Amino acid sequence: MRLSTRSYSARWAAVTAVTVLATAVAGCSSGKTGKAGTDPKGGTPPSGSASASAPSGSIPVGPGPQSAYTVQRQPAPGTCHFRYTADKQPLPDPTCTPGATNPKVTPQTLKTTICQSGYTKGIRPPVSITGREKTANAKSYGYTGSPHDAEYDHLISLQLGGDPNDPRNLWVEPPSPGHKPGAGPNNPKDGVENKLKAAICSGKADLGKAQQAIAHDWTTALSSLGLKE
């Protein structure tokens, strides 16, 4: 049957529309996008992506107390850098030493963990382990002073629920200003830790907030929680 010019044009337009639609559908399933949770090349999202990253400001959770500790690998030599407050008090590198918590210490277990006398002594790694870690960590931070005058310090102390041997929670802390060379470690951070523990165990401070405060800046931890210096 012979088609009129108008009928032929209408049919041709319809065929063209169907072809374009089919091409578009094929393109959507052509493999240019991966499965849910993967990138276009089929790999998993990078660990720093929003879907894989930890909540902002969270502190890593360590493995907790061990029946037998092993020497932990430290950051590569020279990759960590001390920071200092306006009055020259030392602070760790937040990338190398963000802190790490002990999963056994929670608000529900305070009475049987950090608020129980002798708890930290029972979970502290031996010097045979920490001594070797301290030597390696001094190289991580480029510390060249006397090892005797530097403390291999838990950023979040054991009495505040810090992990005993996670390398993210330990750093070679140089002596504070006014320290007498050869006198051994004598850092005012220890006094801050004692006051924070007392506040936690008396119900005057929240465990998590205290851990955040000491990990951020031990020199302002008490004031940031509204506690007496």
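Values reported hereafter were calculated over all heavy atoms of this structure, with side chains retained and with hydrogens, waters and symmetry mates removed. Model, not experiment: these values are computed from the prediction. By convention here, the first residue in the shown sequence is residue 1.
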Problem set entry | Atom pair OG/CG of Ser157 and Asn169 - distance to nearest 0.5 Å |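 CG of Asn169 is found 8.5 Å from OG of Ser157.
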For this session: With rounding to the nearest 0.5 Å, note down the distance linking CG in Asp87 to OG1 in Thr219.
Result: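 The distance works out to 6.5 Å.
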With side chains defined as the heavy atoms from C-beta onward, is the minimum distance between [X] and [Y] less than 4.5 Å?
X      : Y      : answer
Thr130 : Glu133 : yes
Gln72  : Asp166 : no
Leu227 : Lys195 : no
Glu229 : Ser223 : yes
Pro92  : Phe82  : no
Ile114 : Leu207 : yes
Trp218 : Leu155 : no
Asn165 : Ile129 : yes

For the residue pair [X] and [Y], what are the closest heavy atoms and their distance?
X      : Y      : answer
Ser58  : Gln212 : CA-NE2, 4.0 Å
Lys228 : Leu222 : O-CD1, 3.8 Å
Pro98  : Ile59  : O-CG2, 4.4 Å
Asn137 : Val172 : OD1-N, 2.8 Å
Gln89  : Pro188 : NE2-CG, 3.9 Å
Ala210 : Leu225 : CA-CD1, 3.7 Å

Please table the atom pairs, donor to acceptor, closer than 3.5 Å between any side-chain atom in residues 101-112 and protein atoms at least two apart or in another chain.
{"residue": "Asn102", "atom": "OD1", "partner": "Lys104", "partner atom": "N", "Å": "2.9"}
{"residue": "Asn102", "atom": "ND2", "partner": "Tyr119", "partner atom": "OH", "Å": "3.1"}
{"residue": "Thr106", "atom": "OG1", "partner": "Gln108", "partner atom": "N", "Å": "3.3"}
{"residue": "Thr106", "atom": "OG1", "partner": "Gln108", "partner atom": "OE1", "Å": "3.4"}
{"residue": "Thr106", "atom": "OG1", "partner": "Thr109", "partner atom": "N", "Å": "3.3"}
{"residue": "Thr106", "atom": "OG1", "partner": "Thr109", "partner atom": "OG1", "Å": "3.3"}
{"residue": "Thr109", "atom": "OG1", "partner": "Lys104", "partner atom": "O", "Å": "2.8"}
{"residue": "Thr109", "atom": "OG1", "partner": "Thr106", "partner atom": "N", "Å": "2.9"}
{"residue": "Thr109", "atom": "OG1", "partner": "Thr106", "partner atom": "O", "Å": "3.3"}
{"residue": "Thr112", "atom": "OG1", "partner": "Thr109", "partner atom": "O", "Å": "3.1"}

Exercise. Do Asp93 and Arg83 sit within salt-bridge range, that is, some charged N less than 4.0 Å from a carboxylate O?
Worked result: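 Arg83 and Asp93: not salt-bridged.
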Exercise. Hey, are Lys189 and Glu193 close enough for a salt bridge, meaning a charged N less than 4.0 Å from a carboxylate O?
Worked result: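 Judged by the 4.0 Å cut-off on N to carboxylate O distance, Lys189 and Glu193 do form a salt bridge.
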Donor-acceptor pair, distance only, cut-off 3.5 Å: does the side chain of [X] make one with the backbone of [Y]?
X      : Y      : result
Thr97  : Gly99  : no
Thr220 : Ser224 : no
Glu151 : Asp149 : no
His154 : Pro164 : yes
Gln211 : Leu160 : yes
Lys134 : Val127 : no

Problem set entry | Arg132 atom CZ, over 12 foreign heavy atoms within 6.0 Å |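 Not buried by this count: 12 neighbours or fewer within 6.0 Å.
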Exercise. Should we count NE2 of His216 as having more than 12 external heavy atoms under 6.0 Å?
Worked result: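 No, not enclosed.
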Exercise. Any idea how Trp171 and Tyr141 line up, ring-wise: parallel (<30°), tilted (30 to 60°), or perpendicular (>60°)?
Worked result: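 Because their plane-to-plane angle lies in the 30° to 60° range, the rings of Trp171 and Tyr141 count as tilted.
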For this session: Establish whether Ile156 and Tyr152 are linked, either directly or via other cluster members, by ILVMFWY side-chain heavy-atom contacts under 4.5 Å.
Result: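 The answer is no; the residues belong to distinct hydrophobic clusters.
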Exercise. For residues Asn194 and Gln159, is any side-chain donor paired with an opposing acceptor at under 3.5 Å?
Worked result: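 Short answer, yes.
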Problem set entry | Exercise: do Ser140 and Gln74 side chains pair donor with acceptor under 3.5 Å |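 Note: Ser140 and Gln74 side chains miss the donor-acceptor criterion.
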Problem set entry | Asp217 vs Leu91, side chain to side chain contact (heavy atoms under 4.5 Å, CB included): CA-CA, chis, key distance, verdict | CA-CA 7 Å; Asp217 184 340; Leu91 299 174; 3.6 Å; yes
